Amino acid sequence: MNVGLEHYLTVSAMLFCLGLLGVILRRNVLVIYMSLELMLNAANLALVAFSRFNENLTGQMMVFFIITVAAAEVAVGLALIVALYRKRQSAHVEDLTSLKL
Amino acid sequence: MAWLDSLSPQTQFVFFTLLKIGCVLGLLLTLVAYAVLAERKVSALIQDRVGPNRVNLPLIGSIPFLGQFLTKLGFWHPLVDGVKSFIKEDFTPGHVRKIYFWLAPAISLVPAFLVIAVIPFGSTLGAQKMVIADLNVGILYTFGIVSLGVYGVVLAGYAANSKFPFLGGIRASAQMISYEIAMGMSVIPVFLVVGHLNLGKIIEHQAQNGWNVLPIFGGGFSAQTLLLVPCGLVSFVIFFISALAETNRLPFDMAESESELVSGYHTEYSSMKFGMFFIGEYANMFAGAAMMTTLFFGGWTLPFFGLDVAPVAGEWWKGLLHIGIFMGKMLGFMFTFMWIRWMLPRFRYDQLMDLGWRRMIPLALANIILTAGVLALTNR
Amino acid sequence: MIVKRNALTWFERLYLPAIIGGLKVTTRHFLNTLTTKTPVTQQYPEEPTRVLPGYRGAPYLVRDQDGATKCVSCQLCEFVCPPKAIRITPPGPTGKPADRTNAEKMPEEFEINMLRCIFCGLCQEVCPEEAIFLKSDFSLTGLARSEMIYDKDKLLALGGTHPGIQKWKHKLDEAKEQETFPVKV
Amino acid sequence: MALPDILFYLFAFLTLLFGVLVVANPFSRNPVTSAMFLVLTICAMAGLFVLLNAFFLAAVQILVYAGAVMVLFLFVIMLLDLKEEQRRKINLFGIVTGTGAVLGLGFLLTRTIWGGDLEQAANPRVIGDTKALGLELFTKGQFLLPFEIVSVLLLVAMVGVILLSKKELK
């Protein structure tokens, strides 16, 4: 069977689930952040696959914008993590519980 | 050659690509070894010394005139250095992070070789284009690979698990990321002028319209050519300075500044692992020199004697000559790198960052706008 | 004194004058060395090196004009030696007397570890008998660490006869000169 | 099986393998290891992009993600000097429910993908090289405004980061 849109979408979905699993399981803020990047990348893969198999460049344009926004987002997020670390001396989500009831 | 023609086109392609990879890699490694020797000789000459002139091979050394001459030239030093690197004890300190310690030299070595893959180092030999991979996104590929080179340095600093290598790694990575931006922006005017990302197309354009750094050969003197002269020059200067910073050469060798950081990120390395860092550094220099030759100095072309067109069938000597021209330009840049090493003192770290972010990047941006303006006004 | 540092001018802050200056200097040296072939390098094993007077090489023991050991085992050099390279075994009450008449004793054993010695010359400076001198040897070799510990016989053989420079007489003269100095005014 | 299909399975396998090693590496809980495997995931994914003829995006993926974003991650990890993540009290309930939820989501997604009939061209010929993307971005007009907004967003992010990373906020 030829590799088609379904195959790419399956890979993308599995990657997305992996990222979600990382967000749920890992306790280090930075690793959680990396898992988020994984999920973004999964979305990218799906969009590129759609773009390819629908004969249309709009999906790739979306990915182009996602990558740009992701770069900005990573910069801001990492700066926030560094600021948080300076305050709490920890990058562990279980130590960051000031909003907990 | 009958058996070659009997093969299918795909098999021929694979065969020739493998052949080209083998030749380029072999030549590059030899050049790297001799670049180290050249560096030592040039340093010696600039400092009124004689440089390496000791190693004498038993049989060749006894050839009357030549043997002595080669010894005086230090011709066998790279050979002996290589052997020494291999047979020295490969010492792994107890406190390092083992996996990254082993990984870092390899990572710093590979990107430099990968960059060479898209450089057109000659016109054609027979029916073969003298480039390993003729990519459409050639320059984007190059910058992608170059940006991976940071990992070798960062991991080396992290793996060593001690202060000076760590500081060296941090410094080197910050410096390389910063100058990558300036470098990337400095080539955009070239692509605005050429209108293509393929490196082969860039060389073709330069053969017709004059070199990008100084577009005065060929093509006649139009207003556009004259207006583009400052743009090309500024582009080249920024690219050159960024290349110095990217390859961690003086005056920007903050990563391994011996007087403050022992030797930076490779303090803990010895024998062949150190050798791989060394080869990586010089291979990076060659990659930078090749990029400059291709982007700004017309690659394998020369604007005289009809050397700026690809040879027709049967003119294999011309193909070889083109490879020679490319190598000559590249080695000229290598010499300039070595020369600059003894010309300028090392920058302070804040000066380095200041130069990168507050001088180079705005200048490169202004240059892009200027070039675009010139192209728009001269109605291209 | 505080030297006032002028702010760099606009032209100087381009780094261009410095770069051009460096270019000129390096080019000049490069071409000079390449063409006239007068590098400063000394091709050491082929060209013998000329050791200048006052050079501080390896310390050796010397004999006086009669061939007698000058060292009297006072152990001042052992005491003063910064890297503790000298080890002297005194003869003790039952040991051999000195081989010259105007001294009481000579060392039973005198060792200098040339791997530790830093050629500072303090032993020569401190020796009251002018028995140890820094000679002009600078390349000491051996195949084992034990070979690099020079014993008394070896040191005496290497040091040879040295009639003495009468260091203390010179010092006395200098001292006297200084004592008379204010009177001369 | 044709070569592109083999390459697809290879790259897909690598992507997923490295992805697993990012989130649940059985050998190391070190954030640096996670970051390095994420770099490998991104590189493998660039391979998938090339198979999808998105050459420009493959290059940008490596250039931006592997070359800049992940170096920034490594930089921060090294700056914070994070130690090996200690194994704290494992919240078994959380792990079981979390994994269950993720598995459920995965099942749903896969079912949706394979169940419905997706519209797709049998012989796709679209090629995402630099020229095509550039024309799409600048000449069609529908992406010009987003492009400008994104550039402003980058500027805002830069200012924000500089402000955040100052030692004391005033």
Side-chain angles (χ1 to χ4, degrees), chain A residues 2-11 13-22 24-28 30-31 33-35 37-38 41 44-45 48-49 51-58 60-61 63-65 67-76 78-83 85 91-92 94, chain D residues 4-5 8 12 15-16 19-20 22-24 31 34-35 38 41-42 45 48-49 52-54 57 60-61 64 68-69 72-73 76-77 79-80 82 85 88 95 98-99 102 105-106 109-110 113-114 118-121 124-126 128 132-133 136-137 143 146 150 153-154 157 160-161 164-165:
Chain A
N2 269 338
V3 170
L5 182 54
E6 293 93 349
H7 294 76
Y8 283 98
L9 286 184
T10 313
V11 173
M14 284 162 85
L15 212 56
F16 187 84
C17 290
L18 272 175
L20 194 59
L21 201 66
I24 292 173
L25 292 187
R26 296 299 289 261
R27 288 284 164 264
N28 190 321
L30 276 160
V31 180
Y33 215 66
M34 285 179 215
S35 303
E37 290 301 313
L38 210 56
N41 268 307
N44 282 356
L45 183 59
V48 174
S51 159
R52 160 85 168 148
F53 288 102
N54 285 334
E55 304 260 86
N56 183 344
L57 279 175
T58 317
Q60 295 199 16
M61 291 318 305
V63 175
F64 177 79
F65 285 119
I67 289 179
T68 322
V69 174
E73 169 233 337
V74 163
V76 176
L78 285 177
L80 278 173
I81 289 176
V82 170
Y85 187 85
H92 212 266
E94 284 166 2
Chain D
D5 291 4
F8 164 76
T15 311
L16 291 173
V20 169
V22 173
V23 295
S34 286
L38 188 49
T41 314
I42 285 163
M45 205 180 262
L48 284 179
F49 281 11
L52 287 169
N53 279 354
L57 285 180
V60 165
Q61 174 94 352
V64 175
V69 168
L72 212 60
F73 263 106
V76 169
I77 293 171
L79 211 64
L80 301 186
L82 292 180
E85 200 174 316
R88 304 209 178 183
I95 288 180
T99 318
V102 168
L105 178 71
L109 284 174
T110 324
I113 291 164
W114 289 95
L118 290 160
E119 271 183 43
Q120 55 173 302
R125 269 174 303 171
V126 59
L133 280 190
E136 182 86 10
L137 185 59
F143 290 113
V150 158
L153 179 80
L154 279 177
V161 166
L164 271 175
S165 46

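Atom set for the values below is all heavy atoms of this structure, side chains included, hydrogens, waters and symmetry mates excluded. We name chains A, B, ... by the order of the sequence lines, and we start the count at 1 in each one. Worth saying up front: this structure is predicted, and the values here are computed from it rather than measured.
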Checklist entry - Which one, A:I81, A:L57, A:V74, leads in non-hydrogen pairs under 4.5 Å with chain D? => result A:L57
Checklist entry - Do the ring planes of A:H7 and D:W114 sit parallel (below 30°), tilted (30 to 60°) or perpendicular (above 60°)? => result perpendicular
Checklist entry - Can you tell which of D:V23, D:V20, D:T41, D:V69 has the highest number of heavy-atom pairs within less than 4.5 Å of chain A? => result D:V23
Checklist outcome for this item: When rounded to the nearest 0.5 Å, the distance separating CE of D:M45 from CG of A:L15 is 4.5 Å
Next on the checklist: Give me the atom names and distance for the closest heavy-atom approach of D:L164 to A:A83.
Outcome noted: O-CB, 4.4 Å
Item to check | Pick from D:V22, D:L72, D:I42 with the largest number of heavy-atom pairs that fall under 4.5 Å of chain A | outcome: D:L72
Checklist entry - Which one of A:F65, A:F64, A:F16 has the most heavy-atom pairs closer than 4.5 Å to chain D? => result A:F65
Item to check | Among the listed options D:V60, D:L57, D:T15, the residue most often paired with chain A at heavy-atom distances under 4.5 Å | outcome: D:L57
Item to check | Selection from A:V48, A:V69, A:L38, A:N44 maximising heavy-atom pairs under 4.5 Å formed with chain D | outcome: A:V48
Checklist entry - In terms of heavy-atom proximity below 4.5 Å to chain D, should A:Y33 be classed as side chain, backbone, both, or neither? => result both
Next on the checklist: To check you understand the geometry: which heavy-atom pair defines the closest contact between D:A54 and A:Q60, and what is its length?
Outcome noted: CB-NE2, 3.5 Å
Checklist entry - Partners of A:L20 by side-chain contact (heavy atoms from CB on, under 4.5 Å), sequence neighbours excluded? => result A:I24, A:M39, D:V102, D:L105
Item to check | Where A:T68 and D:L154 come nearest, the two heavy atoms and their spacing | outcome: CG2-CD1, 3.7 Å
Item to check | Which of A:S51, A:G19, A:C17, A:A70 touches chain D most, by non-hydrogen pairs under 4.5 Å | outcome: A:C17
Checklist entry - Which answer fits D:A68, side chain, backbone, both or neither, if we ask what part of it has an atom under 4.5 Å from a heavy atom of chain A? => result neither
Next on the checklist: Please identify, among D:L153, D:L48, D:V64, D:L137, the residue contributing the most non-hydrogen atom pairs under 4.5 Å to chain A.
Outcome noted: D:L137
Checklist entry - Looking at A:N41, A:V63, A:T10, which has the largest count of heavy-atom pairs under 4.5 Å with chain D? => result A:N41
Item to check | For A:E73, salt bridge (charged side-chain N to carboxylate O under 4.0 Å, His left out) partners two or more places apart | outcome: none
Checklist outcome for this item: Among A:N56, A:I67, A:V82, A:T58, the residue with the most heavy-atom pairs under 4.5 Å to chain D is A:I67
Checklist entry - When rounded to the nearest 0.5 angstrom, what distance separates CG in D:L16 from CE in A:M14? => result 5.0 Å
Item to check | Under 4.5 Å from any heavy atom of chain A - which part of D:L133 | outcome: both
Checklist entry - Of all heavy-atom pairs between D:A157 and A:A72, which one has the smallest distance, and what is that distance? => result CB-CB, 3.6 Å
Item to check | Test item: A:M61 and D:P146 side chains (from C-beta on) under 4.5 Å apart, heavy atoms | outcome: no
Checklist outcome for this item: When rounded to the nearest 0.5 Å, the distance separating CG of A:L30 from CZ of D:F73 is 6.5 Å
Checklist entry - By a 4.5 Å heavy-atom criterion (distance strictly below it), what part of D:L52 contacts chain A: side chain, backbone, both, or neither? => result both
Item to check | D:T99 OG1 to A:L25 CG distance, which is reported to the nearest 0.5 Å | outcome: 5.0 Å
Item to check | Spacing of CG belonging to A:L45 relative to CD belonging to D:Q61, to within rounding of 0.5 Å | outcome: 9.0 Å
